[in-house]
**Student:** 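Pasting in a structure now, in structure tokens, and then I'll have a few things to ask.
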Amino acid sequence: MAVMDSGDIRRAVSRIAHEIVERNKGAHDVVLVGVLRRGLPLAERLASRIMQIECAPVQFGGLDITDYRDDNVARTTVASVSSIDFDVTGKIVVLVDDVLYTGRTVNAAMTAISTYGRPAAIQLAVLVDRGHRELPIRADYVGKNVPTSRVERIDVHLGESDSEDCVVISKREDS
């Protein structure tokens, strides 16, 4: 069942961009870091929208958190595919992800971002917050709250990697 279509996603990204600019009194010290995979295209969309609002570019990059996850039993030996080519020291880092669930991905991302410097602050923007937190983490910016049961899953499809923009809720196959 679709819970967001392309128009809903576009409006959510636009609203979040405006909220980021408003909360931070502009975007001068803001950088966007998308958690790979689908957080990166969302960060790029937010950067583009903030550029339209503020008429100033916002740096963005992608963060691979694989080696920082607490549930990753088999650590990867492959080099990180993060694409952050800027120092985050003293910046307001807005972590961007598609779905906020247990909070473990965000926890790993906060640990990983420290390898790029010491931010002045870290904020969190997510397209969908589905609840069921296991860690005391909350998003600063949310596109849509979608209450779910643990037997459901949320799939975010973005045009950059999928055939369309939509958010779908379905039953987990392992349930």
Side-chain angles (χ1 to χ4, degrees), residues 1-20 23 32-46 49 60-78 80-84 93-115 119 121-175:
M1 169 178 72
V3 293
M4 293 179 84
D5 62 20
S6 61
D8 296 326
I9 292 172
R10 186 183 67 256
R11 286 185 294 278
V13 167
S14 183
R15 181 174 37 78
I16 290 169
H18 279 279
E19 289 174 358
I20 290 169
R23 177 174 180 177
L32 304 170
V33 176
V35 178
L36 296 179
R37 299 271 178 246
R38 286 179 177 75
L40 179 56
L42 289 170
E44 186 172 4
R45 291 180 188 194
L46 284 168
R49 188 65 185 108
F60 70 92
L63 183 64
D64 181 358
I65 59 145
T66 304
D67 289 337
Y68 298 91
R69 293 191 60 91
D70 63 2
D71 60 354
N72 186 7
V73 178
R75 298 280 183 213
T76 180
T77 57
V78 178
S80 172
V81 294
S82 294
S83 59
I84 299 173
V93 173
V94 180
L95 288 175
V96 182
D97 204 2
D98 57 348
V99 178
L100 177 57
Y101 182 34
T102 63
R104 294 188 179 279
T105 297
V106 175
N107 186 51
M110 288 190 297
T111 301
I113 202 68
S114 68
T115 65
I122 298 176
Q123 298 171 357
L124 176 61
V126 297
L127 184 61
V128 176
D129 184 345
R130 64 170 290 191
H132 303 289
R133 222 70 79 237
E134 294 174 1
L135 299 173
I137 291 173
R138 68 166 181 79
D140 299 283
Y141 314 100
V142 177
K144 185 176 180 90
N145 287 292
V146 180
T148 62
S149 73
R150 289 196 181 266
V151 299
E152 292 174 314
R153 60 178 286 140
I154 297 279
D155 292 311
V156 174
H157 301 275
L158 299 174
E160 292 87 344
S161 57
D162 306 300
S163 61
E164 63 181 336
D165 280 3
C166 67
V167 176
V168 180
I169 188 170
S170 60
K171 187 169 178 148
R172 288 177 41 165
E173 293 178 16
D174 61 343
S175 300

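Numbers here simply count residues along the sequence, with the first being 1. These numbers were taken from a predicted model, which means no experiment stands behind them.
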**Student:** Could you tell me which residues satisfy side-chain hydrogen bond (donor to acceptor under 3.5 Å, both in side chains) with Asn107, sequence neighbours excluded, listed by chain and number?
**Tutor:** none

**Student:** Looking only at heavy atoms, what is the nearest atom pair of Ser14 and Arg49, with distance?
**Tutor:** OG-NE, 3.0 Å

**Student:** Could you give the distance from OG1 (Thr115) to CG (Leu63), rounded to the nearest 0.5 Å?
**Tutor:** 7.0 Å

**Student:** Met110 vs Ile137, test: side chain to side chain contact (heavy atoms under 4.5 Å, CB included). Steps then yes/no.
**Tutor:** CA-CA 11 Å; Met110 288 190 297; Ile137 291 173; 4.1 Å; yes

**Student:** Between atom CD1 of Ile9 and atom NE2 of His157, what is the distance when rounded to the nearest 0.5 Å?
**Tutor:** 9.5 Å

**Student:** With a 4.0 Å cut-off, would you call Arg45 and Glu160 a salt bridge?
**Tutor:** yes

**Student:** For the CG atom of Asp70 and the OG1 atom of Thr105, what is their distance to the nearest 0.5 Å?
**Tutor:** 9.0 Å

**Student:** Among residues at least two apart in sequence or on other chains, which ones pass salt bridge (Lys or Arg N to Asp or Glu O under 4.0 Å) with Arg153?
**Tutor:** Asp155

**Student:** Please check if the side chain of Arg15 supplies one atom and the backbone of Val142 the other of a donor-acceptor pair under 3.5 Å.
**Tutor:** yes

**Student:** Examine distances only and state if a side-chain atom of Thr102 and a backbone atom of Glu134 form a donor-acceptor pair shorter than 3.5 Å.
**Tutor:** no

**Student:** What pair of heavy atoms forms the shortest contact from Leu127 to Ala12, and how long is it?
**Tutor:** CD1-CB, 4.0 Å

**Student:** Tell me, please, which residues at least two apart from Arg23 pass side-chain hydrogen bond (donor to acceptor under 3.5 Å, both in side chains).
**Tutor:** Asp140

**Student:** Quick check for you: to the nearest 0.5 Å, what is the distance between Ile169 atom CD1 and Ile154 atom CD1?
**Tutor:** 4.0 Å

**Student:** For Arg38, check salt bridge (Lys or Arg N to Asp or Glu O under 4.0 Å) against everything at least two apart and list the hits.
**Tutor:** Asp162

**Student:** Using every non-hydrogen atom in the two residues, find where Leu95 and Ala109 come nearest and quote the distance to one decimal.
**Tutor:** CD1-CB, 3.9 Å

**Student:** Short question: side chain of Arg104, backbone of Arg133 - any donor-acceptor pair under 3.5 Å?
**Tutor:** no

**Student:** One pair to check against side chain to side chain contact (heavy atoms under 4.5 Å, CB included): Val96 and Tyr141. What are the steps and the verdict?
**Tutor:** CA-CA 9 Å; Val96 182; Tyr141 314 100; over 6 Å; no

**Student:** If you measure from OH on Tyr101 to NE2 on His132, what distance do you get to the nearest 0.5 Å?
**Tutor:** 5.5 Å

**Student:** Using the test side-chain hydrogen bond (donor to acceptor under 3.5 Å, both in side chains), find all partners of Ser114 that sit at least two apart in sequence or belong to another chain.
**Tutor:** none

**Student:** Taking all non-hydrogen atoms of both residues, which atom of Ala139 and which atom of Val126 are closest, and how far apart?
**Tutor:** CB-CG2, 3.8 Å

**Student:** Would you confirm whether Ser83, through its side chain, and Gly62, through its main-chain N or O, come within 3.5 Å as a donor-acceptor pair?
**Tutor:** yes

**Student:** Would you indicate whether the side-chain heavy atoms of Ile113 and Ile84 approach each other to under 4.5 Å?
**Tutor:** yes

**Student:** How many angstroms lie between atom CG of Asp129 and atom NZ of Lys144, to the nearest 0.5 angstrom?
**Tutor:** 12.5 Å

**Student:** Kindly write out the residues that satisfy salt bridge (Lys or Arg N to Asp or Glu O under 4.0 Å) with Arg37, not counting sequence neighbours, or none if the list is empty.
**Tutor:** none

**Student:** Looking at Val93 and Pro119, what are the two nearest heavy atoms and their distance?
**Tutor:** CG2-CB, 3.7 Å

**Student:** Do you know the tightest heavy-atom contact between Leu32 and Ala43?
**Tutor:** CD1-O, 3.4 Å

